[in-house]
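Computed from a predicted model, the values in this text were never measured in an experiment. Just so it is clear: chains get the letters A, B, ... in the order the sequence lines come, proteins before strands, and each one is counted from 1.
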2 protein chains.
Amino acid sequence: MSLRIALLGLLTAAGPASGYDLTKLFESSISNAWQARHSQIYPELNKMAAEGLITVEEKGPRGRKTYAITDEGAHELRVWLIEKGPSRSYRSEGVLRAFLLPTLEPHEAAALLRAEAASYGVRLAELEAIRAAKSSWKEPGFGHHALDLGIRQTRLMRDWAEETAAEIEGTTRS
Amino acid sequence: MSLRIALLGLLTAAGPASGYDLTKLFESSISNAWQARHSQIYPELNKMAAEGLITVEEKGPRGRKTYAITDEGAHELRVWLIEKGPSRSYRSEGVLRAFLLPTLEPHEAAALLRAEAASYGVRLAELEAIRAAKSSWKEPGFGHHALDLGIRQTRLMRDWAEETAAEIEGTTRS
DNA sequence: TATTGACGTGTCACTTTTTACATGTCAATC
DNA sequence: GATTGACATGTAAAAAGTGACACGTCAATA
């Protein structure tokens, strides 16, 4: 369901696009919240087209198919956004890892937290570079808000890791 | 893989436990980062036992099986934590939803962001109540750090939603 | 002209996760 | 004594997601 909703959202925000375009868009925008490979996207687009949520226009020359959202598709997206209650589905291997670090010796955990923090720091710099170089979207603000959220989350992870490492080190050498 | 690692982590932190216990532990601790139903946990425990990562002790009276981590299991967890590079796998239906809000009319998006913010506020209060009532873990600090991270993330979402709503409203009534 | 790399779509096998069904025990309350 | 609810474990079908394979185009560069 989420994949389908994400695709409808991208088609709304970016206008008609091919599966290839959508795969790239996924990667460059929504990947902060959801991932999908082309091997999942292409079949889903075909299903959605069959169900009338999007239209297909085959125009090549490279066999390219351009998809556009239909009123029905827009309605589905709208209903999902408005009527669906707060979602619980959340998965983060990074948080899981951070969560499990205390199963190591304190000094090891602290070291890994420092490494994690550094890694999040790098990621943070990348995201901020993207924001600085911000290219335009068809729908203004769409990518902007999401990127802002991604930056905040990454900063949070970095700071949490840093502070938790400091806390563990403090407790250890009491 | 992540499920198995999470289970090994729980067995390390909480000591020997049944599938039932682990299901509850999952819910009450790691669910901030990963979710698993009993229908996934039970078969996985059986597989892990067959592979020697955990031991089983059938002792009833209700057919209860108690699992305990083996040295091999502890090693697997350790290797995963230390040797695995920074993970990318991250999915959040909540973030996805927030991301897609701009596909709505600004006033609708702002209204939904306010609702989201309120929802995160409630969740935040729940988490803080849990922290306040903090019961003890076998492994001290294990649950504590994770809970802290969860609280920070929830607060971040709430604040982001609130601020983004304000921003959209500000832009709209220019 | 040959190669390379972005463009472009697809399938298939496998793993992971969800949802629903299925079964039974034990302790406490009605 | 019957019901209820926490305890306790499982299976099976379906959906979602991953990784690898497979095919073919077009433009630019070596």
Output yes when a side-chain donor or acceptor of [X] lies under 3.5 Å from a complementary backbone atom of [Y], and no otherwise.
{"X": "B:T103", "Y": "B:L100", "answer": "yes"}
{"X": "A:R97", "Y": "B:L81", "answer": "yes"}
{"X": "A:S119", "Y": "A:A115", "answer": "no"}

**Asked** Residues sharing A:V79's hydrophobic cluster, by side-chain heavy-atom contacts under 4.5 Å among ILVMFWY, directly or via others?
**Response** none
**Asked** Linking Ile, Leu, Val, Met, Phe, Trp and Tyr through side-chain heavy atoms less than 4.5 Å apart, which residues share a cluster with B:Y42?
**Response** B:Y20
**Item:** First-last contacting nucleotides on DNA chain D - partner chain B, under 4.0 angstrom, heavy atom
**Value:** D:dA6 to D:dT18
**Asked** Counting only non-hydrogen atoms, which of residues 39-51 of chain A are less than 4.0 Å from DNA chain D?
**Response** A:S39, A:Q40
How would you label the contact of [X] with the nucleic acid (heavy atoms, under 4.0 Å): base, sugar-phosphate, or nothing?
{"X": "B:R4", "answer": "nothing"}
{"X": "A:K59", "answer": "nothing"}
{"X": "B:R37", "answer": "base"}

**Item:** B:E163/B:R158 ion pair, N-O < 4.0 Å
**Value:** no
Residue pairs involving [range] (criterion salt bridge (Lys or Arg N to Asp or Glu O under 4.0 Å); sequence neighbours excluded):
{"range": "residues 102-114 of chain A", "result": "A:E108-B:R78, A:R114-A:E162, A:R114-A:E169"}
{"range": "residues 64-75 of chain B", "result": "B:D21-B:R64"}
{"range": "residues 45-56 of chain A", "result": "A:R4-A:E51, A:E44-A:K47"}

**Item:** Straight-line distance of A:L156 CG to A:L124 CG, nearest 0.5 Å
**Value:** 11.0 Å
**Prompt:** Which residue lies toward the 5' end of DNA chain D, A:Q35 or A:R62, if each is placed at its nearest nucleotide?
**Reply:** A:Q35
**Request:** Specify the residue among A:A36 and A:P61 whose closest nucleotide of DNA chain D lies further upstream toward the 5′ end.
**Result:** A:A36
**Request:** Would you list the pairs meeting ring pair (Phe, Tyr, Trp, His ring centres under 6.0 Å) in which at least one residue belongs to residues 57-97 of chain B, sequence neighbours left out?
**Result:** A:Y90-B:Y90
**Asked** ring-ring contact (aromatic ring centres under 6.0 Å, His included) with A:F26: which residues, sequence neighbours excluded?
**Response** none
**Complete:** In the 5' to 3' direction, the nucleotides of DNA chain C bounding the stretch that comes under 4.0 Å of a heavy atom in chain A are C:dA6 to C:dT18
**Asked** Taking only residues two or more places apart in sequence or in another chain, which ones pass salt bridge (Lys or Arg N to Asp or Glu O under 4.0 Å) with B:K84?
**Response** A:E93
**Message:** Roughly what angle, to 10°, lies between the helix axis at the start of the helix from C:dT1-D:dA30 to C:dC30-D:dG1 and the one at its end, five pairs per end?
**Reply:** 10°
